[in-house]
K.L.:
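Encoded as structure tokens, here's the structure I'll be asking about.
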Amino acid sequence: DQGYYGVFWAFPILFGAYFVLPRRQATLIGAAFTLAMTAIAALKVGWPPAIRAFASMGLTLFMISWALGIIAELQRALREQAITDPLTGAFNRRHLQAELARLSQPGEGVAHTHSLLAIDIDHFKRGNDRFGHAEGDQVLRRLVTAILVRKRASDLLFRTGGEEFMLLLHRTSPVQARVIAEDLRERLESQSWLPNGDSITISIGVNTWRPGQGVGEWLLGADRALLEAKREGRNRVTVAGEFD
């Protein structure tokens, strides 16, 4: 009815679709709408204006999709920054708390089979003083890489302090967790980590979640087991409950 000027109403409709519909659906509908508007414009005002309308609406669709792609990538990067330790790439304590809270909720099925490994590098500050903080940072990165290679795809690694880490083992009993912890400890001890060729050792405390146990108690049990491992001489694995 409005002739050539009616084509301009297509542009706010294209933009509006992305605010009320999922991105994929909005793109499909926008493409179909562009073709329909081109056909209508060809009938009402002729092909030359219709072709220009098609080109401008197609470019608009492309720019919207491109901009939304950039926004989605920025949002993903921000989410990763919020839950990731910038030095090592492991998850941070905030994400650990959120993940443990999720697993301990009712309805998570076999939540009682999840285990925590509290990991601490033995005499880390002594090595820092001897070789410098830059080398200490390298040790932390190498440790994370070694654990990520050894862990299962479902397990999650968190950095909770300077040289302290938590490894969450999904659906893992205390016996299985001890086997994994001992294997990890032995693997790290057998490698050369420091500039003089020395290896590093780790102490590990293991705690398995029990039904009705709070997140704080679960973490505390793993920390207590770690402290006991260090008290017994370091470079060892201790399971919560075995020393009580």
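One-based numbering along the sequence shown.
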K.L.:
On a heavy-atom basis, which atom in Leu188 and which in Ala146 lie closest, and how many Å separate them?
P.N.:
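Closest approach of Leu188 to Ala146: CD2-CB, 3.6 Å.
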
K.L.:
Compare all side-chain heavy atoms of Ser115 with those of Arg178 and state whether any distance is below 4.5 angstrom.
P.N.:
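Side-chain contact under 4.5 Å: no.
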
K.L.:
Is Phe131 linked to Leu143 within one hydrophobic cluster, defined over Ile, Leu, Val, Met, Phe, Trp and Tyr using a side-chain heavy-atom separation of less than 4.5 Å?
P.N.:
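Same cluster.
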
K.L.:
For residues Val20 and Phe15: do they belong to one hydrophobic cluster (side chain heavy atoms under 4.5 Å, members Ile, Leu, Val, Met, Phe, Trp, Tyr)?
P.N.:
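Per the 4.5 Å side-chain linkage, Val20 and Phe15 are not co-clustered.
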
K.L.:
For the residue pair Phe158 and Phe91, categorise the inter-ring angle as parallel (less than 30°), tilted (30 to 60°) or perpendicular (more than 60°).
P.N.:
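Tilted: the ring planes of Phe158 and Phe91 meet at 30° to 60°.
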
K.L.:
Counting heavy atoms not belonging to Lys44, are there more than 12 under 6.0 Å from its NZ?
P.N.:
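Counting neighbours around NZ of Lys44, 12 or fewer heavy atoms of other residues, nucleotides or ligands fall under 6.0 Å, so no.
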
K.L.:
Measuring from Asp223:CG to Trp218:CH2, what's the distance to the nearest 0.5 Å?
P.N.:
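The distance works out to 13.0 Å.
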
K.L.:
Is any side-chain heavy atom of Leu116 closer than 4.5 Å to one of Trp209?
P.N.:
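A side-chain contact is absent here, since even the closest heavy-atom pair is not under 4.5 Å.
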
K.L.:
Test your reading of the model: is there a side-chain donor-acceptor pair from Arg23 to the backbone of Ser65, 3.5 Å cut-off?
P.N.:
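Judged by distance alone, yes, a pair lies under 3.5 Å.
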
K.L.:
Whether Arg142 and Glu135 form a salt bridge (side-chain N of Lys/Arg under 4.0 Å from carboxylate O of Asp/Glu) is what I want to check.
P.N.:
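Between Arg142 and Glu135 there is a salt bridge, with a charged N closer than 4.0 Å to a carboxylate O.
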
K.L.:
Under a 4.5 Å cut-off applied to non-hydrogen side-chain atoms, are Ile147 and Asp155 in contact?
P.N.:
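Heavy-atom side-chain distance check fails, nothing below 4.5 Å.
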
K.L.:
Kindly give the heavy-atom pair with the smallest separation between Thr38 and Thr34, and that separation in Å.
P.N.:
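Looking at all heavy atoms of both residues, the shortest contact is OG1-O, 2.7 Å.
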
K.L.:
Just verifying a value: how many Å separate Gln138 CD and Leu140 CG, rounded to the nearest 0.5 Å?
P.N.:
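Here the rounded value is 9.5 Å.
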
K.L.:
Main chain of Gly58, side chain of Thr60: is a donor-acceptor contact present, judged purely on distance under 3.5 Å?
P.N.:
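Looks like no, no N/O pair under 3.5 Å.
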
K.L.:
Run the side-chain contact (heavy atoms from CB on, under 4.5 Å) check on Leu100 and Leu168 step by step: do they pass?
P.N.:
CA-CA 9 Å; Leu100 296 186; Leu168 175 60; 4.1 Å; yes

K.L.:
Look up atom CD1 in Ile204 and atom CD1 in Ile180, then write down how far apart they are to the nearest 0.5 Å.
P.N.:
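Spacing of CD1 (Ile204) from CD1 (Ile180) equals 10.5 Å.
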
K.L.:
Could you check whether any side-chain N or O of Arg159 sits under 3.5 Å from a backbone N or O of Val144, counting only pairs where one atom can act as donor and the other as acceptor?
P.N.:
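Looks like no, no N/O pair under 3.5 Å.
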
K.L.:
Nearest 0.5 Å, what's the CD1-CG distance between Ile64 and Leu59?
P.N.:
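Rounded to the nearest 0.5 Å, the CD1-CG separation comes to 10.0 Å.
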
K.L.:
Quick one: do Phe33 and Leu35 end up in the same hydrophobic cluster if we chain Ile, Leu, Val, Met, Phe, Trp and Tyr together by side-chain heavy atoms under 4.5 Å apart?
P.N.:
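Hydrophobic grouping puts Phe33 apart from Leu35.
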
K.L.:
How far does CD1 of Ile119 sit from CG of Leu167, to the nearest 0.5 angstrom?
P.N.:
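Reported to 0.5 Å precision, the distance equals 5.0 Å.
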
K.L.:
Does some side-chain heavy atom of Pro22 sit less than 4.5 Å from a side-chain heavy atom of Arg24?
P.N.:
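No, too far: nothing below the 4.5 Å cut-off.
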
K.L.:
Might you confirm whether atom CZ of Phe54 has over 12 heavy atoms from other residues, nucleotides or ligands at distances under 6.0 Å?
P.N.:
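No, because the 6.0 Å sphere around CZ of Phe54 holds 12 heavy atoms or fewer from other groups.
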
K.L.:
Considering only heavy atoms from C-beta outward, does the side chain of Tyr18 approach that of Leu61 to under 4.5 Å?
P.N.:
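Result yes, sub-4.5 Å side-chain heavy-atom pair found.
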
K.L.:
Can you see which heavy atom on Gly6 is nearest to which on Met37, and at what distance?
P.N.:
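Looks like O-CE, 4.1 Å.
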
K.L.:
Judged by atom type as modelled, is there a donor-acceptor pair below 3.5 Å linking the side chain of Ser56 to the main-chain atoms of Ala53?
P.N.:
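Yes, Ser56 side chain to Ala53 backbone: donor-acceptor pair under 3.5 Å.
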
K.L.:
State plainly whether the residues Arg76 and Glu80 are in salt-bridge range, i.e. N to O under 4.0 Å.
P.N.:
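Answer for the salt bridge query: yes.
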
K.L.:
Following the transitive rule for hydrophobic clusters with a side-chain heavy-atom cut-off under 4.5 Å over Ile, Leu, Val, Met, Phe, Trp and Tyr, establish whether Met166 and Leu227 coincide in one cluster.
P.N.:
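No, Met166 does not connect to Leu227 through the hydrophobic network.
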
K.L.:
Under the side-chain contact (heavy atoms from CB on, under 4.5 Å) rule, what do Arg130 and His123 come out as? Steps first, then yes or no, please.
P.N.:
CA-CA 11 Å; Arg130 182 179 179 185; His123 304 298; over 6 Å; no

K.L.:
Is there a side-chain contact between Arg231 and Thr238, using heavy atoms and a 4.5 Å cut-off?
P.N.:
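Sidechains of Thr238 and Arg231: no contact.
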
K.L.:
State, yes or no, whether a side-chain contact exists between Leu184 and Lys151 at a heavy-atom distance under 4.5 Å.
P.N.:
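Sidechains of Lys151 and Leu184: no contact.
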
K.L.:
Tell me whether Asn207 contacts the main-chain N or O of Ala240 through its side chain, where contact means a donor paired with an acceptor under 3.5 Å.
P.N.:
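Answer holds: no.
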
K.L.:
Quick check: closest heavy atoms across Val206 and Ala181, and the distance to 0.1 Å?
P.N.:
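Distance-wise, the nearest heavy atoms are CG2-CB, 4.2 Å.
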
K.L.:
Linking I/L/V/M/F/W/Y whenever their side-chain heavy atoms sit closer than 4.5 Å, directly or via other members, would Leu87 and Leu148 fall into one cluster?
P.N.:
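Shared cluster, yes.
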
K.L.:
Quick one: pull up CZ in Phe124 and CD1 in Ile200 and give me the separation to the nearest 0.5 Å.
P.N.:
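Between Phe124 CZ and Ile200 CD1, I get 8.5 Å after rounding to 0.5 Å.
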
K.L.:
For atom CZ of Arg141, is the number of surrounding heavy atoms from other residues, nucleotides or ligands below 6.0 Å larger than 12?
P.N.:
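Atom CZ in Arg141 is crowded, with more than 12 foreign heavy atoms closer than 6.0 Å.
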
K.L.:
Could you walk me through whether Lys125 and Glu163 pass the salt bridge (Lys or Arg N to Asp or Glu O under 4.0 Å) test, one step at a time?
P.N.:
CA-CA 9 Å; Lys125 291 181 175 60; Glu163 69 273 18; 3.3 Å; yes

K.L.:
Got Thr113 and Gln176 here, is their nearest side-chain heavy-atom distance under 4.5 Å?
P.N.:
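No. Closest side-chain heavy atoms not under 4.5 Å.
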
K.L.:
Could you walk me through whether Asp120 and Ser203 pass the side-chain hydrogen bond (donor to acceptor under 3.5 Å, both in side chains) check?
P.N.:
CA-CA 5 Å; Asp120 186 84; Ser203 301; 5.9 Å; no

K.L.:
Hey, is the main chain of Arg171 close enough, under 3.5 Å, to the side chain of His114 for a donor-acceptor pair?
P.N.:
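Checked: pair present.
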
K.L.:
Please walk me through it: do Glu99 and Leu103 pass side-chain contact (heavy atoms from CB on, under 4.5 Å)?
P.N.:
CA-CA 6 Å; Glu99 185 67 16; Leu103 291 177; 4.3 Å; yes

K.L.:
What pair of heavy atoms forms the shortest contact from Met57 to Ala10, and how long is it?
P.N.:
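Distance-wise, the nearest heavy atoms are SD-CB, 3.3 Å.
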
K.L.:
Which atom pair, heavy atoms only, marks the closest approach of Thr84 to Gly89?
P.N.:
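Smallest heavy-atom distance, with atoms named: CG2-O, 3.5 Å.
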
